[in-house]
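Along the sequence shown, residues are numbered consecutively beginning with 1.
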Amino acid sequence: MFPATLLLIGLTLVGIAYSRWHARAFARRFPNVGELIDIGGYRMNSVHLPAAGKADLLPVVFIHGASGNLLDQLHAFAPALDGRAEMLFVDRPGHGYSERGGAENDRPDGQAAAIAKLMDKRGIRRAVIVGHSFGGAIAASFALHHPERTAGLVLLAPATHPWPGGIDWYYRLTALPFIGWLFAHTLVTPLGQRRIEGGTRSIFSPNPRPDDYVDKTGPHLVLRPATFRNNARDVANLHAYLTATAPRYREIDAPTVIITGDSDGVVLADIHSRGLARDIPGAELLWIGNLGHKPDYVVTDVVVAALEKMAGKPTDLEEIKRRAEARLTRSSEAVSQS
């Protein structure tokens, strides 16, 4: 019994050392490109791109999804909107290089409040809030709790309503007090590295993932033990939060565009996106054929058009959606024939 205990302790220490070494290696591979700013007891990280002289759009705040960081939205939208808008790309509390803050940041409304404070520090009074996936829940909460700061909502494959079923086992396990710490500090890093390639391709499916996506967006950063635990707490708390909050979406009066795909294998678009279109007065739903969970990368042009409409430009979103669908159909047919 004693040798077995020693072996278990030894393996645990090796796992912890392995995870800590790789956490430092991930930080070297994907160094912080943002700026850490104290928002009242902890620091939030962000990239702020001021408006240029030719800016013709409203300020935009981008909120990434679960397991992500600001690099994901930065590389999707900074080139497409270069010079056209003031942009703020945010590492959500406890993700990327942002510190976690208090227990309030285990919930979307707490993270929305943190983003509002960061906007104050960055001198952004009011903006269009763009949220992808889990970031959609935070964007909707932002509109509920900070309506005077919300010039509009653009929600991309959002997770905003309670859904049937549960969450992946490793989120529940990691969210537990002691066992979760041990799991995150021993097994998450070695197991997670094996899933990066397939996992990133699956979130794009049925659309192809850009070849440079992993190198540019740093998905490995979520495999750092503390970050993984923060991510797990976010996901584990989401269902209960949305159950209580979704009935309030009718209070949102900001102009809202929802962009989602009929082939999203990550969130149930029929529940979340159609639910938002039903619940938010005047919301416009763009339901795009052959699109998976990444409208930010796959139909960036549709998102830009939505931002143009928010700025009052004459924009036919349905026509732009049809063009995107035609493009995706051609791409799908080409893949099937190859």
(message) Just checking Phe77 against Phe62, ring centres under 6.0 Å apart?
(response) yes
(message) Assess the residue pair Asp234 and Arg107 against the criterion (salt bridge (charged side-chain N to carboxylate O under 4.0 Å, His left out)); give the C-alpha distance rounded to whole Å, side-chain angles, the decisive distance to 0.1 Å, and a yes or no.
(response) CA-CA 6 Å; Asp234 287 351; Arg107 293 161 46 99; over 6 Å; no
(request) Take the angle between the ring planes of His220 and Phe26 and call it parallel below 30°, perpendicular above 60°, tilted in between. (result) tilted
(request) Using only heavy-atom distances, determine whether the side chains of Asn32 and Asn45 contain a donor-acceptor pair under 3.5 Å. (result) yes
(message) Could you measure the distance from the NZ atom of Lys216 to the CG atom of Asp72? Nearest 0.5 Å is fine.
(response) 12.5 Å
(message) Using ring pair (Phe, Tyr, Trp, His ring centres under 6.0 Å), reason through His64 and His95 one step at a time and then give a plain yes or no.
(response) CA-CA 10 Å; His64 65 81; His95 295 261; 5.6 Å; yes
(message) Angle between ring planes, His185 versus Trp181, binned at 30° and 60°: parallel, tilted or perpendicular?
(response) parallel
(message) A side-chain contact here means heavy atoms from C-beta on lying under 4.5 Å apart; do Arg229 and Arg233 qualify?
(response) yes
(request) Validate the cation-pi geometry between Arg24 and Tyr18: distance from NZ or CZ to the six-membered ring centre under 6.0 Å, angle to the ring axis within 45°. (result) no
(request) Give every residue pair that meets the side chain to side chain donor-acceptor pair (under 3.5 Å) criterion with at least one member in residues 154-166, sequence neighbours excluded. (result) His161-Asp279
(request) Measure the acute angle between the ring planes of Phe204 and Tyr297, then classify it against the limits of 30° and 60° as parallel, tilted or perpendicular. (result) perpendicular
(message) Test your reading of the model: is there a side-chain donor-acceptor pair from Asn230 to the backbone of Ala226, 3.5 Å cut-off?
(response) yes
